[in-house]
Trainee: 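Attaching a single structure in structure tokens format; questions to follow.
Please read all numbers here as calculations on a predicted model, not as lab measurements. Quick note on labels: first sequence line is chain A, next is B, and so on, each numbered from 1.
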Amino acid sequence: MLASLNQKQLSAVTHNNGSMLVLAGAGSGKTKVLTTRIVWLINEQNLKEHEVLAVTFSNKAAKEMLHRVSSKLSITARSMWIGTFHSISLRLLTKHHKEAGLPAYFQILDVQDQLSLLKRIIKAANLDEDHYSSRELQKFINHQKEHGLRANQITPNGMRQQTWLDLYLEYELICNRDGLVDFTELLLRSYEMLSVNKDVLDIYRNQFKHILVDEFQDTNHLQYQWLKLLGSSCGNMFAVGDDDQSIYSFRGARVANMQTFLHDFSVNDPIRMEQNYRSTPNILSAANAIIDKNNERIGKTLWTQKSDGDKISLYEGYTEEDEAYFVTDEIKSLLASGKSTSSIAILYRSNAQSRIFEQLFYSEGVPYKVYGGLRFFDRQEVKHILSYLRLILNKNDNEAFLRVVNVPARGLGSKAIENLQNIAKEKNTSLFEACNLSDGKAGINLAKFTNIIQKIDQKHLSLPDLISLVVEESGVAEMYRLDKKNGAERLENLNELVSAATNFKAEDEVNNNLATFLSHAVLESGEGQAQMYEQPVQLMTVHAAKGLEFDTVFIVGLEDGLFPHENCFDSQQNLEEERRLMYVAITRACKKLYLLRACSRLMWGKRISAPVSRFVNEIPNELILNISGISKIGCSSLVDSDIDLHHLTPTEVSNPETKISRVTLANCDEIIKIGDMVKHAKFGNGKVLRLNIDGKKITAEIFFIGIGKKNLDLNIAKIEKV
DNA sequence: AATTCTATCATTTTT
DNA sequence: TGATAGAATT
């Protein structure tokens, strides 16, 4: 087991006295070290499974670790304490909900739920959303919680903050009243529960002999305190991190925790793992060159024993379409050349960039899979049903009540709900109970609603059966059957929800299945995260790609303003984080790396021109091969010369009304499309900028090198692809 | 109260 | 550009 480790890895795995910080570069075998160490602790140091606590940030990482460990040890996965900060906190809170001051069936609020509750609070306080936006309030509250601060522990600084504190206080009251816990609250509540209840704290301090933390550079203040509380007494804290891959400071991650850790846990000599087993030297050199531009680094340099490999390919397209077509063609030829087993990923800065690739891959028959974007458990139809379930579990859950009381429409408009809220306030009851006190038409309709809930509640069904029943009895199914737009798709998703429930194995049989399922739905809402070595082309953001590797990687949208994103131009620190993001992107590639950018791109409905990303310029020239046809004439000069690249949409020839992006030539069976390099007998080589159909006349606007723009009739002009 | 229309926001990233 | 929330209309 230990034989396959290098010197650094071995000393990390078998580190045996006190705490340790491992600086693990990209591709240096971090996960291997963590999992091998857990196995080593149990096998060689005779620790019991439950005496090891391993914390990660993502569900994916937790699953991977659990999988690798349980394949080497004959243990039951559930006996191990491996999970995300949030899931471990949930586990603690579920077990000790009384000490934490929570009802047994407390529920988790996701970001959306939290925001809509805050909106309602702001409205109820008669404040103007323009001046006190719910998003800002959400940020404020989460930030305070991340610093361990409750509303009553903060001294307001100015009138505005006083207002926010009032709102924060109101939010706390409602959450406590209705048994709701947001993401940050999971951590803060478990931290407080342990701090206040020394006997509970002692249980876990005694139990966890070793604590391991993955992606340590991503810990925020609260998480660090949480770790310290649990781990300072055992003295065996093992943290693995890479300051160069810190890309979550926007949600409170503090790289400085790495320095603090050295001090707090008396680590004098952190272990550096700098040998990279993933990428070719060319790729590594590019990554090193880029990250070297950052000032705030602990500092390390990756190296490899591999031999050179391909240069990095740079393609500069005219438009995002051009970019996408290039990627499609390149992937097709990669697949055709027998590399069908190789893994391919498209990485981008923002989710919105995936659309054009999806469209193109779909029409071109390239198998693909998109990660991120709208998640399964975030879809409105799924959230409706989950709210019904929440209400069945806890009738006091006013938030869930408000979401579905009039879904489908039951004649309960804003007036009716307002009245109900007044009654509830007066009698100091939940909205659900207040339904009995409501009279008139609204009262009848409300009774119908509560009857549905109660009727379902009285049957004791298995989880999948319960969900099927809710879908039907609530009338949601009928509502979507009548919805011609996308009702069918939504019904399908609800079917999938039933399947998800069928597959769901309650983590803890003792606990209520439904409650566990609901927590699971909120906490692990990801639609199955990306995998390494999957067959179809994988599309995801750079953030989502952290921790993964692919043979071939296309980084697209490398324009200044997009990547690095313009929101990050305001400070050196933000720009350095973008640079780390680029570093993460590059180091995902094992064998072949493509960098792409578009001279102009459709964004928010407008066509924007942007210069090439500064990060591309930070890579030494000798590592890059520019393979764009337009490179000779220079892309930026093209944009400046005012070529109209507007209003291009990927429409097939079959639609003559609109401008088209590809066309089959009449005189041969070649297809040419926007972005193609073509050859003309008189004008030489040029690039197709746009295609038009006007009646039977098909024209192409082509930019010929050294000549300029020409409009050619494709029925007459002889053109061939190069 | 339900339907239709309009305005606005988003597209930086996530447990 | 496209989804969604809130306004305006029926």
Trainee: Taking the minimum atom-to-atom distance to the side chain of A:Phe183, which one of C:dT1, B:dT14, B:dT15 wins?
Mentor: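 Of C:dT1, B:dT14, B:dT15, B:dT15 is nearest to the side chain of A:Phe183.
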Trainee: Tell me the interatomic distance from A:Met540, atom CE, to B:dT14, atom C1', rounded to whole angstroms.
Mentor: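 Distance, rounded to whole Å: 15 Å.
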Trainee: Answer yes or no: does a side-chain N or O of A:Ser116 lie under 4.0 Å from OP1 or OP2 of C:dA5?
Mentor: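 It does not, given that no N or O in the side chain of A:Ser116 lies less than 4.0 Å from OP1 or OP2 of C:dA5.
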Trainee: Report all interatomic pairs (protein N or O, nucleotide N or O of nucleotides 7-11 of chain B) with separations under 3.5 Å.
Mentor:
unit_1 : atom_1 : unit_2   : atom_2 : d
B:dT11 : O2     : A:Trp604 : NE1    : 3.3

Trainee: Which residues satisfy the salt bridge (Lys or Arg N to Asp or Glu O under 4.0 Å) test with A:Glu566, sequence neighbours excluded?
Mentor: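 Partners of A:Glu566 under the salt bridge (Lys or Arg N to Asp or Glu O under 4.0 Å) test: none.
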Trainee: If you restrict it to nitrogen or oxygen atoms, what contacts under 3.5 Å exist between nucleotides 1-3 of chain B and the protein, and what is each distance?
Mentor:
unit_1 : atom_1 : unit_2   : atom_2 : d
B:dA1  : OP1    : A:Gly411 : O      : 3.3
B:dA1  : OP1    : A:Gly413 : N      : 3.2
B:dA2  : OP1    : A:Gly411 : N      : 3.3

Trainee: Any donor-acceptor pair under 3.5 Å between the side chain of A:Arg251 and the base of B:dT15?
Mentor: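 There is none.
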Trainee: Applying side-chain hydrogen bond (donor to acceptor under 3.5 Å, both in side chains), name anything that partners A:Gln572, two or more places apart in sequence or on another chain.
Mentor: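 So A:Gln572 forms a side-chain hydrogen bond (donor to acceptor under 3.5 Å, both in side chains) with A:Glu576.
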Trainee: So, is A:Asn351 close to the B:dT13 phosphate, meaning a side-chain N or O under 4.0 Å from OP1 or OP2?
Mentor: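 So the side-chain polar atoms of A:Asn351 do come within 4.0 Å of the phosphate oxygens OP1 or OP2 of B:dT13, strictly under.
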Trainee: Sequence neighbours excluded, which residues qualify as side-chain hydrogen bond (donor to acceptor under 3.5 Å, both in side chains) partners of A:Glu185?
Mentor: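 For A:Glu185 the side-chain hydrogen bond (donor to acceptor under 3.5 Å, both in side chains) partners, ignoring immediate neighbours, are A:Lys145, A:Arg150, A:Arg189.
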Trainee: Applying salt bridge (Lys or Arg N to Asp or Glu O under 4.0 Å), can you list everything that pairs with A:Glu358, at least two apart in sequence or on another chain?
Mentor: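 Checked A:Glu358 against salt bridge (Lys or Arg N to Asp or Glu O under 4.0 Å); zero matches.
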Trainee: Is it true that A:Tyr368 and A:Phe357 have ring centroids separated by less than 6.0 Å?
Mentor: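 No; A:Phe357 has its ring centre 6.0 Å or more from that of A:Tyr368.
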